[in-house]
Q: 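This structure is in structure tokens; I'll ask about it shortly.
Each ligand, and each atom within it, is numbered from 1 in the order the structure gives. This one's a predicted model, so the numbers in the text were calculated from it and none came from an experiment.
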Amino acid sequence: MLFPQNIPLLRTLKYNIILPKIPFHLYNRNYCHSRAGEAFVPFDVLVSQRRNEARRSLLVEVAGLPSSADLHQVCSQYGAVRKMFHYATRHGNVRKEMILVEFADAESLERALQSTRSPPTERIIPVHSPFVWLSASQPASPNSKKANVSSSTNITQETVPSDEELQLQLLQSRDLSEQIQNVYECQKLTELGSRLRFFTCRQVEVALSGLFPQACILPFGSSVNSFGRVNCDLDMILELSDVTNQDSTQRLVFQAKKSRSAANPRITMQRHMEVISDILDNFVPGCSQVRKILAARVPIIKYRQDLTDMECDLSMANRSGFYMSEMLYLYGSMDKRVRPLVFAIRKWAKDRHVTSPYAGRWVTNFSLTLMVLFYLMRTSPPVIPPLQTLIKLAGDDDVRTAEGINCTFLRDLKILTASDNMQSLEDLLRGFFEFYDKFDFKERGLSIVKGDDFVKPVHSALYIQNPLERELNVSRNVTLEELERLRTEITHARYRLEEDTQHIEEHGQQPWGLLSLWGTSHKPQAHRGLNASIDWQEVFHIQEQETPPSSNKQLNVSPVHAATKSDEKVPSNGEKARNNTKFQPVERTKMLKEELIMPSDLNGLVTKLKRNVVQKNANGKKNKKQKMNKVMYKW
Ligand code: CTP
Ligand code: MG
């Protein structure tokens, strides 16, 4: 029997009557459909819907927004147009206006592409793809007469608030919880951003479809795990065919070539990726700066898709990364506080240069997200359950294995119960910094599988267990210096927030809450010299030389640096430490030299903040926190 969960009285009563001691996830309480704020959409369903949209979509470069009516009429010749989105890209001085058109069905797109022509010059490669441009209408063309007719075109233009607008919004927020929520609302991946990511995947699928009609490109990482910001990169997995899902009773079997290095699947994959990177570089519109990083643990092709305006990382045989994203998506959907909190902390880390868009010996967004999840498992009561709970509750439909890794966990959140934790976002943010300020990073590692810490099995500055490949540490790349910086920033943030509470009545138009925590996002609070004790050359494991932007030569990345997705096996079998994810351009060095605040500098600041906080408390000033109505999250 299910308790009528929405009646608050029952929540109170639960503690007054004697109930058998069962884990909180097994309480007979309904999983409310909107704990993350929206109806829960299973990951598979979401991915399949987005892929279908991409299969019906056409990306058209136009002269400008006024062309939308014209474009609508042109496209309507081939079938019903469902939606249109307008956006602009800018490279240097070149601005391009783009419209993403979604047809009602894939056949309409097919008809449109059948009629599309190649440009009249011999110097182009006449490739067919759903990336097109709209030429000016000919005077004699019947379309030209209709072009000015006001069309029923409903075109969506998404506006992402600028940093200044966001700052203003944060200044005007009622409290810290509202600020955190606002950051999430302003910075989360938009509808168009999500569509363009799936569409960019679709482009590569189409490019390979002649030889591999079943090729499937799936996005993973922040593009789909619900923690992605606008402009986040696009991580993709390419699977040439779903060989596991073939009907073995069929009599006709495709002839196929034996792969040249069948004995070594890794070499085979590297060869395939070389060919694919050549195809992207030579034939696929919009792909630029194609680079191969094939010596990496997970070999990748990096490129820019200029027309959808995103950085792309393409890998093969990496489906476990996709399931990892699904797991993060589920955690983001479990409670409506998870995503805003992760966003606020990722933004704090970015603005304080704790994380970086480039790979190196610092904490990554992925590791930071796991830290937030771990903390939310350790609140009292926990906001989210540990992964082992999801594993225990998994049914037959949830069984998944990828690359020999067991990726089985509960996927339908409806059977999971809600948390009793009622803390506001503000409390959770403060709690995060307090928790990690006290955490014994030296001796203990973090596991979201058990939701508990453990004695580190090997010496590694920061140890965060990979939830799917448990013998790996996702933060092996982090050096002691970088961990020290993270810890100092955490302490600084903790006391900064504490001091901010003391001053809350004096704010006026002064930056407060998140704004005071971040400092000025683009200009760090102080420009400090580089700490000479750190050898940045060594840190980056890369030769400081510019790479020609469009070169398709394999990058001269040392094997140490080149190990992407940097988990390291625990057994120290003599394997060299491998560094983390992405290619590390030299700009980071420059940026660090100019802007980074070193731990030693921050320590002084923290001491001052602590002194202020103690002083204010001693003066008996009213603590605004006690007065504030906490935002309670009900579900
Ligand atoms: N991943 C992993 N193990 C790692 C690093 C990454 O499984 N050690 C997977 C995670 O699913 C991660 C994805 O690869 O989300 C992409 O990695 P990355 O691009 O580094 O992180 P994102 O989560 O996409 O965050 P960002 O916005 O910084 O790109
Ligand atoms: Mg990413």
Q: State the atom name: nearest N, O or S atom of Asp235 to the Mg ion (ligand 2).
A: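 Restricting Asp235 to its N, O and S atoms, the minimum distance to the Mg ion (ligand 2) goes to OD2.
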Q: Looking at ligand 1, is there an atom of it that comes within less than 4.0 Å of some heavy atom belonging to Ser325?
A: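 Yes, that is the case, since the closest heavy atom of the residue is under 4.0 Å from the ligand.
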Q: Between the candidates Met327, Met324, Arg476, which shows the shortest non-hydrogen contact distance to atom 11 (O) of ligand 1?
A: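 Nearest option to atom 11 (O) of ligand 1, by heavy atoms: Met324.
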Q: Go through ligand 1 atom by atom and flag the ones less than 4.0 Å from a non-hydrogen atom of Asn225.
A: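 The list of qualifying atoms is 15 (O), 23 (O).
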Q: Mind checking what makes salt bridge (charged side-chain N to carboxylate O under 4.0 Å, His left out) contact with Glu311, not counting sequence neighbours?
A: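 Glu311 satisfies salt bridge (charged side-chain N to carboxylate O under 4.0 Å, His left out) with Arg304 only.
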Q: Nearest N/O/S atom of Asp233 with respect to the Mg ion (ligand 2), by atom name, please.
A: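 Going through the N, O and S atoms of Asp233 one by one, OD1 ends up nearest to the Mg ion (ligand 2).
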Q: Find all atoms of ligand 1 within a distance of less than 4.0 Å from any non-hydrogen atom belonging to Gly221, and give their numbers and elements.
A: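 Selected atoms, number and element: 13 (C), 15 (O), 16 (C), 24 (O).
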Q: To the nearest 0.5 Å, how far apart are CZ in Phe433 and CZ in Arg494?
A: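 Between atom CZ of Phe433 and atom CZ of Arg494 there are 11.5 Å.
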Q: Using a heavy-atom cut-off of under 4.0 Å, does the side chain or the backbone of Phe220 touch ligand 1, or both, or neither?
A: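 The answer is the side chain.
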Q: Could you give all pairs that pass the ring pair (Phe, Tyr, Trp, His ring centres under 6.0 Å) test and reach residues 303-339, with sequence neighbours left out?
A: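 Found Phe43-Phe322, Phe43-Tyr329.
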Q: With a cutoff of 4.0 Å, is Arg229 in contact with ligand 1, counting heavy atoms of the residue only?
A: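 Heavy atoms of Arg229 never come under 4.0 Å of ligand 1.
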Q: With heavy-atom distances below 4.5 Å as the criterion, would you say the side chains of Leu373 and Leu328 are in contact?
A: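 Yes. Closest side-chain heavy atoms under 4.5 Å.
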Q: If you count the atoms of ligand 1 from 1 in the order shown, which ones are under 4.0 Å from a heavy atom of Asn365?
A: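 Listed by number with element: 25 (O), 26 (P), 27 (O), 28 (O).
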Q: Is the closest basic N to carboxylate O distance between Glu443 and Lys456 below 4.0 Å?
A: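 Salt bridge between Glu443 and Lys456, a charged N being under 4.0 Å from a carboxylate O: no.
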Q: In Å and rounded to the nearest 0.5 Å, what is the CZ to CD1 distance from Arg378 to Ile448?
A: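 Rounded to the nearest 0.5 Å, the CZ-CD1 separation comes to 13.5 Å.
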Q: Looking only at distances, please establish whether an N/O atom of ligand 1 is found under 3.5 Å from an N/O atom of Asp235.
A: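 There is such a contact, yes.
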Q: Can you confirm whether Ile464 sits close enough to Met371 that some side-chain heavy atom of one is under 4.5 Å from a side-chain heavy atom of the other?
A: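 SC-SC contact between Ile464 and Met371 confirmed.
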Q: Can you list the ligand 1 atoms lying under 4.0 Å from a non-hydrogen atom of Arg346?
A: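 Selected atoms, number and element: 25 (O), 26 (P), 27 (O).
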Q: For ligand 1, which atoms, with element, lie under 4.0 Å from some heavy atom of Gly321?
A: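 This gives 11 (O) as the contact atoms.
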Q: Can you tell which of Asn466, Leu446, Val474 makes a side-chain contact (heavy atoms from CB on, under 4.5 Å) with Leu370?
A: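 Among Asn466, Leu446, Val474, the one meeting side-chain contact (heavy atoms from CB on, under 4.5 Å) with Leu370 is Val474.
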